Amino acid sequence: MNVKIEDSWKNALSDEFDKDYFIKLTDFVRGEYLSGKQIFPAPANIFNAFNLCPLDKVKVVIIGQDPYHEPGQAHGLCFSVLPPTAVPPSLINIYKEIESDLGRPSKTHGDLTDWAKQGVLLLNATLTVQAHQAASHAGKGWEQFTDAVIRATAARDNIVYMLWGSYAQKKADFVNPEKNLVLKSVHPSPLSAHRGFFGNHHFSKANEYLISHGKEPIDW
């Protein structure tokens with residue numbers, strides 16, 4: 001299949017595109033868009049995370065579960081929204097932890113494109129969703145595809161994995177913690193952030209690790 005995705009990812013994931021599950025997934029997603037339903041993100045942004053962050057540039061992996069499912073939110077990067085959309089609650093908590101951890105103000109908007117361009121793979125486990133229906137495209141094949149994405153990153157060393165919540169932690173079961181930095185905490189959701197996300201110091205730990213391995217730190 002001729003999937004339009006950044007070349008390094010296209011090469012790394014080429015075996016996936018001809019598998020039965022991916023062909024069925026593609027047919028399902030195309031049908032959803034053509035049905036007249038409101039599907040997010042826009043088709044051009046489905047692979048935005050990959051197009052902004054080539055495989056050989058990946059320094060940090062952050063795993064989300066599902067794209068935002070309200071209008072004007074999802075644009076292909078987990079946790080990220082484009083202005084003038086209000087910053088979502090989980091991202092507000094991420095910013096609070098950055099400010100506490102690094103001792104400086106964080107962003108005033110929700111666009112994380114600059115993180116992606118610095119080497120942060122902002123990966124949702126499911127890459128599309130129907131409006132107003134969380135997890136509506138779960139179980140259709142995206143999870144198998146994004147497992148392959150994690151395996152592609154896991155074939156490289158000295159990457160930081162920020163795994164927030166049990167879902168993200170299970171998603172990265174095949175990452176070798178001896179060859180990478182695996183940071184785990186509860187999810188930044190308002191329902192759980194006070195139980196260990198605040199004070200996890202993941203952003204400073206990530207940068208210390210990157211510097212120790214001769215890489216440029218992320219400007220969070």
Side-chain angles (χ1 to χ4, degrees), residues 1-30 32-33 39-68 73-83 91 107 110-129 137-138 140-163 168 171-172 174-176 179-181 206 210 213-220:
M1 293 180 65
N2 184 24
V3 178
K4 293 182 179 178
I5 190 171
E6 189 275 332
D7 284 347
S8 65
W9 287 110
K10 190 166 189 172
N11 293 333
L13 300 170
S14 59
D15 289 347
E16 301 301 309
F17 300 139
D18 292 320
K19 291 181 179 178
D20 286 346
Y21 87 87
F22 193 85
I23 294 170
K24 291 176 182 176
L25 170 64
T26 302
D27 288 343
F28 167 76
V29 171
R30 184 183 295 113
E32 288 285 277
Y33 281 105
I39 306 297
F40 302 126
N45 285 332
I46 292 174
F47 295 120
N48 200 22
F50 308 93
N51 295 334
L52 290 170
C53 184
L55 177 56
D56 60 342
K57 304 296 184 184
V58 174
K59 296 189 283 190
V60 178
V61 177
I62 298 177
I63 301 174
Q65 189 164 350
D66 208 33
Y68 294 122
Q73 293 186 310
H75 67 114
L77 306 178
C78 71
F79 294 105
S80 181
V81 295
L82 294 176
L91 186 53
K107 298 176 184 289
D111 184 6
L112 304 182
T113 298
D114 64 318
W115 289 8
K117 290 181 176 179
Q118 293 178 75
V120 181
L121 180 64
L122 294 162
L123 178 69
N124 276 315
T126 303
L127 299 187
T128 54
V129 69
H137 286 187
K140 303 297 184 181
W142 279 130
E143 296 90 344
Q144 187 171 342
F145 176 73
T146 51
D147 275 352
V149 172
I150 298 296
R151 284 195 296 272
T153 66
R156 307 169 68 85
D157 295 338
N158 304 327
I159 291 176
V160 180
Y161 291 83
M162 293 184 172
L163 307 180
K171 188 75 178 168
F174 27 78
V175 173
N176 186 344
K179 294 184 177 181
N180 303 277
L181 179 62
L210 293 173
H213 288 86
K215 300 182 180 183
E216 283 290 318
I218 305 299
D219 181 2
W220 301 108

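Fair warning: this is a prediction, and the values are worked out from it, not measured in the lab.
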Is the shortest heavy-atom distance from the side chain of Ile5 to the side chain of Asn51 under 4.5 Å? yes

Side-chain donor-acceptor distances from residues 40-49 under 3.5 Å, at least two apart:
{"residue": "Asn48", "atom": "ND2", "partner": "His75", "partner atom": "O", "Å": "2.7"}

Do any N or O atoms from the side chain of Lys59 and from the backbone of Glu216 form a donor-acceptor pair under 3.5 angstrom? yes

So among Leu127, Val58, Leu123, which one has a side-chain contact (heavy atoms from CB on, under 4.5 Å) with Val149? Leu123

For Thr26 and Val3, run side chain to side chain contact (heavy atoms under 4.5 Å, CB included): C-alpha distance rounded to whole Å, both residues' side-chain angles, the deciding distance at 0.1 Å, then the answer. CA-CA 10 Å; Thr26 302; Val3 178; 5.8 Å; no

So do the side chains of Asp56 and Arg156 get within less than 4.5 Å of each other, counting heavy atoms only? yes

Mind checking whether Leu210 and Val60 have side chains closer than 4.5 Å, heavy atoms only? yes

For the pair Gln118 (side chain) and Asp219 (backbone), establish whether a donor and an acceptor sit closer than 3.5 Å, ignoring hydrogens and angles. yes

Any donor-acceptor N or O pair under 3.5 Å, side chains Thr126, His137: no

Apply side-chain contact (heavy atoms from CB on, under 4.5 Å) to Gln65 and list each qualifying residue two or more places apart in sequence or on a separate chain. Tyr167

All heavy atoms of Asp114 vs all of Asp111, minimum pair found to be OD1-O, 3.8 Å

Take Asn124 and Trp142 through the side chain to side chain contact (heavy atoms under 4.5 Å, CB included) test and state the conclusion after the steps. CA-CA 9 Å; Asn124 276 315; Trp142 279 130; over 6 Å; no

Kindly determine whether Tyr161 and Thr153 satisfy side chain to side chain donor-acceptor pair (under 3.5 Å), including the steps that lead there. CA-CA 10 Å; Tyr161 291 83; Thr153 66; 2.7 Å; yes

What verdict does the side chain to side chain contact (heavy atoms under 4.5 Å, CB included) test give for Ile23 and Asp27, after you've listed the backbone C-alpha separation in whole Å, the side-chain angles of each residue and the deciding distance to 0.1 Å? CA-CA 6 Å; Ile23 294 170; Asp27 288 343; 4.1 Å; yes

CZ/Phe79 to CG/Leu112 distance, rounded to the nearest 0.5 angstrom? 9.5 Å

Greater than 12 external heavy atoms within 6.0 Å of Lys57's NZ: no

